[in-house]
Number of protein chains: 2
Amino acid sequence: MTEARWLDEREARLWRSYRGLRVRLDGALWRRLVRDSGLSGPEFELLVPLSEAPGGLLRARDLGRLVGWERSRISHQVGRMEKRGLVVREECFEDARGSMVRLTEAGRAAIVAAAPSHVESVRSLFFDALTDDELTVLTAAFERVLAGLPKPED
Amino acid sequence: MTEARWLDEREARLWRSYRGLRVRLDGALWRRLVRDSGLSGPEFELLVPLSEAPGGLLRARDLGRLVGWERSRISHQVGRMEKRGLVVREECFEDARGSMVRLTEAGRAAIVAAAPSHVESVRSLFFDALTDDELTVLTAAFERVLAGLPKPED
DNA sequence: TAACCGTTAATGATGTGTCAACATCCCGGT
DNA sequence: ACCGGGATGTTGACACATCATTAACGGTTA
């Protein structure tokens with residue numbers, strides 16, 4: 001258990017700003033989303049792929065893969081959204097184990113109303129503060145960090 | 001609601017990588033922390049400033065300011081950590097409204113055991129993938145975005 | 001056919017975070 | 001001395017995320 005590889009001053013500063021960004025940017029986006037559209041972050045995340053699917057219909061398994069969630073999380077979230085009338089569950093004919101998730105009219109109306117405002121928030125809070133060169137550097141750096149991350153099982 | 005200011009291809013790519021980073025990097029750090037030390041992320045965040053305070057003693061208000069949390073969140077989290085024996089609540093003599101939070105011996109042992117491994121995770125998963133130039137650019141970009149963020153009430 | 005294994009979902013328990021009351025206390029002006 | 005507004009914490013209700021367990025189903029193999 002050595003003291004080696006501690007963070008130096010510059011590294012600590014970057015880490016603080018990253019933590020701050022993660023908390024404050026996402027917090028601001030979440031609050032604006034709720035305020036402007038009445039949708040929560042997780043609701044928005046599920047509605048996007050559903051709204052892009054033919055008939056607003058996706059199998060729960062595929063929905064989970066599209067957003068990178070596990071089955072249990074999908075199941076709980078779809079349950080809450082079903083109670084709110086945004087989606088309905090239907091049985092899956094190809095595979096009796098599966099279940100289908102279908103966007104309701106209310107759900108489609110909600111995502112259509114929410115998307116433009118949300119994109120505008122992302123642009124004004126994030127992209128408007130970046131230069132074009134920074135956009136390039138950040139993309140390369142983020143993708144390299146992502147590529148080096150261990151699989152979910154670690 | 002116009003279609004203007006939609007994200008172009010390069011912007012969408014950066015946004016995807018940022019979202020991925022946010023989820024996968026923080027997820028990996030959380031899982032390693034729990035696995036290596038038995039501490040959760042929020043527990044770790046409160047234990048750090050407490051371990052640096054004289055006597056391991058901080059007023060709840062000050063603890064909240066140090067980590068940037070609101071009162072309710074502090075209260076709930078301290079309550080859970082008190083049940084786990086990591087901290088104890090004491091009354092505040094200077095101000096009868098306040099309450100003090102004190103690190104227990106078990107709490108101090110936990111943070112001392114957890115910190116080196118956590119820093120090593122941050123370094124190996126994040127900093128080792130960045131060049132020195134990127135470190136500079138990211139810090140400047142993050143701090144500029146942070147400075148432009150609205151206050152919590154917006 | 002029967003035993004078995006992997007996939008898919010649902011569910012309950014637990015930890016976490018936010019919000020809206022609520023109670024209490026401090027402090028300044030009157 | 002009093003009063004009223006701001007500060008401080010706690011609590012309960014709810015939404016969210018993860019984990020372990022359970023159940024049902026499909027396909028493979030004995």
Side-chain angles (χ1 to χ4, degrees), chain A residues 22-24 26-35 38-47 58-84 86-101 152-154, chain B residues 22-24 26-35 37-47 58-101 152-154:
Chain A
R22 184 200 186 292
V23 170
R24 305 229 337 256
D26 291 1
L29 288 174
W30 177 295
R31 282 189 299 275
R32 288 190 176 201
L33 185 64
V34 171
R35 185 195 62 190
L39 290 177
S40 72
E43 286 169 345
F44 186 83
E45 281 194 75
L46 289 197
L47 290 180
L58 278 176
R59 187 165 166 183
R61 176 195 58 180
D62 301 325
L63 180 57
R65 289 187 182 149
L66 284 172
V67 297
W69 293 5
E70 30 177 341
R71 290 193 303 273
S72 170
R73 188 175 171 187
I74 289 285
S75 179
H76 280 299
Q77 188 62 37
V78 167
R80 284 187 291 265
M81 292 169 71
E82 198 171 21
K83 279 201 294 190
R84 288 200 51 188
L86 298 171
V87 299
V88 288
R89 271 193 253 243
E90 302 178 1
E91 56 178 317
C92 179
F93 299 109
E94 309 111 43
D95 188 335
R97 295 170 299 182
S99 92
M100 308 294 292
V101 183
E153 52 278 11
D154 186 356
Chain B
R22 184 203 185 289
V23 171
R24 305 231 334 258
D26 292 1
L29 286 174
W30 177 293
R31 282 189 300 275
R32 289 189 175 202
L33 185 63
V34 172
R35 186 197 59 189
S37 70
L39 290 177
S40 71
E43 286 169 344
F44 186 84
E45 280 194 76
L46 290 197
L47 290 180
L58 278 174
R59 186 165 168 183
R61 177 196 57 182
D62 302 324
L63 179 57
R65 287 185 184 152
L66 284 172
V67 296
W69 293 5
E70 30 177 337
R71 282 168 293 158
S72 170
R73 188 175 170 187
I74 289 286
S75 180
H76 281 300
Q77 187 63 36
V78 167
R80 286 187 292 264
M81 291 169 70
E82 199 171 19
K83 281 200 294 188
R84 286 200 51 188
L86 299 171
V87 300
V88 287
R89 270 192 254 243
E90 301 178 1
E91 57 178 318
C92 178
F93 299 108
E94 310 108 46
D95 188 335
R97 294 170 298 182
S99 92
M100 308 294 293
V101 183
E153 45 287 0
D154 173 333

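Protein chains get the first letters and strands the later ones, always in sequence-line order, with residue 1 at the start of each.
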Next item on the list: Provide the closest heavy-atom pair for Leu39(A) versus Leu33(A) in the form atom of the first, atom of the second, distance.
Entry: O-CG, 3.5 Å
Notebook entry, point to check: What heavy-atom pair brings Trp30(A) and Ser40(A) nearest, and what distance separates the two atoms?
Noted result: CZ2-CB, 4.1 Å
Margin query: Quick check on side chain to side chain contact (heavy atoms under 4.5 Å, CB included): which of Leu66(B), Val101(B), Val78(B), Val87(B) does Leu46(B) satisfy it with?
Written below: Val78(B)
Check: In chain order, what residues pass the side chain to side chain contact (heavy atoms under 4.5 Å, CB included) check against Arg80(B), with sequence neighbours excluded?
Finding: His76(B), Gln77(B)
Provide, to the nearest angstrom, the distance between the [atom1] atom belonging to [X] and the [atom2] atom belonging to [N].
X: Arg24(B); N: dT18(D); atom1: CZ; atom2: C1'; result: 18 Å
X: Arg80(A); N: dA17(D); atom1: CZ; atom2: P; result: 7 Å
X: Glu45(A); N: dA15(D); atom1: CD; atom2: C1'; result: 15 Å

Notebook entry, point to check: By salt bridge (charged side-chain N to carboxylate O under 4.0 Å, His left out), which residues pair with Arg84(B), not counting sequence neighbours?
Noted result: Glu43(B)
Check: Which residues satisfy the salt bridge (charged side-chain N to carboxylate O under 4.0 Å, His left out) test with Asp62(B), sequence neighbours excluded?
Finding: none
Check: Can a salt bridge be assigned to the pair Asp95(A) and Arg61(A) using a cut-off of 4.0 Å between side-chain N and carboxylate O?
Finding: no
Notebook entry, point to check: Taking any atom under 4.0 angstrom from a heavy atom of chain B, which nucleotides of DNA chain C are the first and last to qualify, 5' to 3'?
Noted result: dG15(C) to dC26(C)
Item checked: Toward the 5' end of DNA chain D, by each residue's nearest nucleotide, Gly41(A) or Arg61(B) -> Arg61(B)
Next item on the list: Verify, without hydrogens or angle tests, whether Glu82(B) (side chain) and Arg89(B) (backbone) share a donor-acceptor contact under 3.5 angstrom.
Entry: yes
Note to self: A side-chain contact here means heavy atoms from C-beta on lying under 4.5 Å apart; do Ser75(A) and Trp69(A) qualify?
What the structure shows: no
Next item on the list: Please list residues of residues 67-76 of chain B whose heavy atoms come under 4.0 Å from any atom in DNA chain D, ordered by number; otherwise none.
Entry: Arg71(B), Ser72(B), Ser75(B), His76(B)
Checklist line | Spacing of OG belonging to Ser99(B) relative to CZ belonging to Arg59(B), to within rounding of 0.5 Å | finding: 8.5 Å
Next item on the list: Give, ordered by number, those residues of residues 81-97 of chain B having at least one heavy-atom distance below 4.0 Å to an atom of DNA chain C; if nothing qualifies, reply none.
Entry: Asp95(B), Ala96(B), Arg97(B)
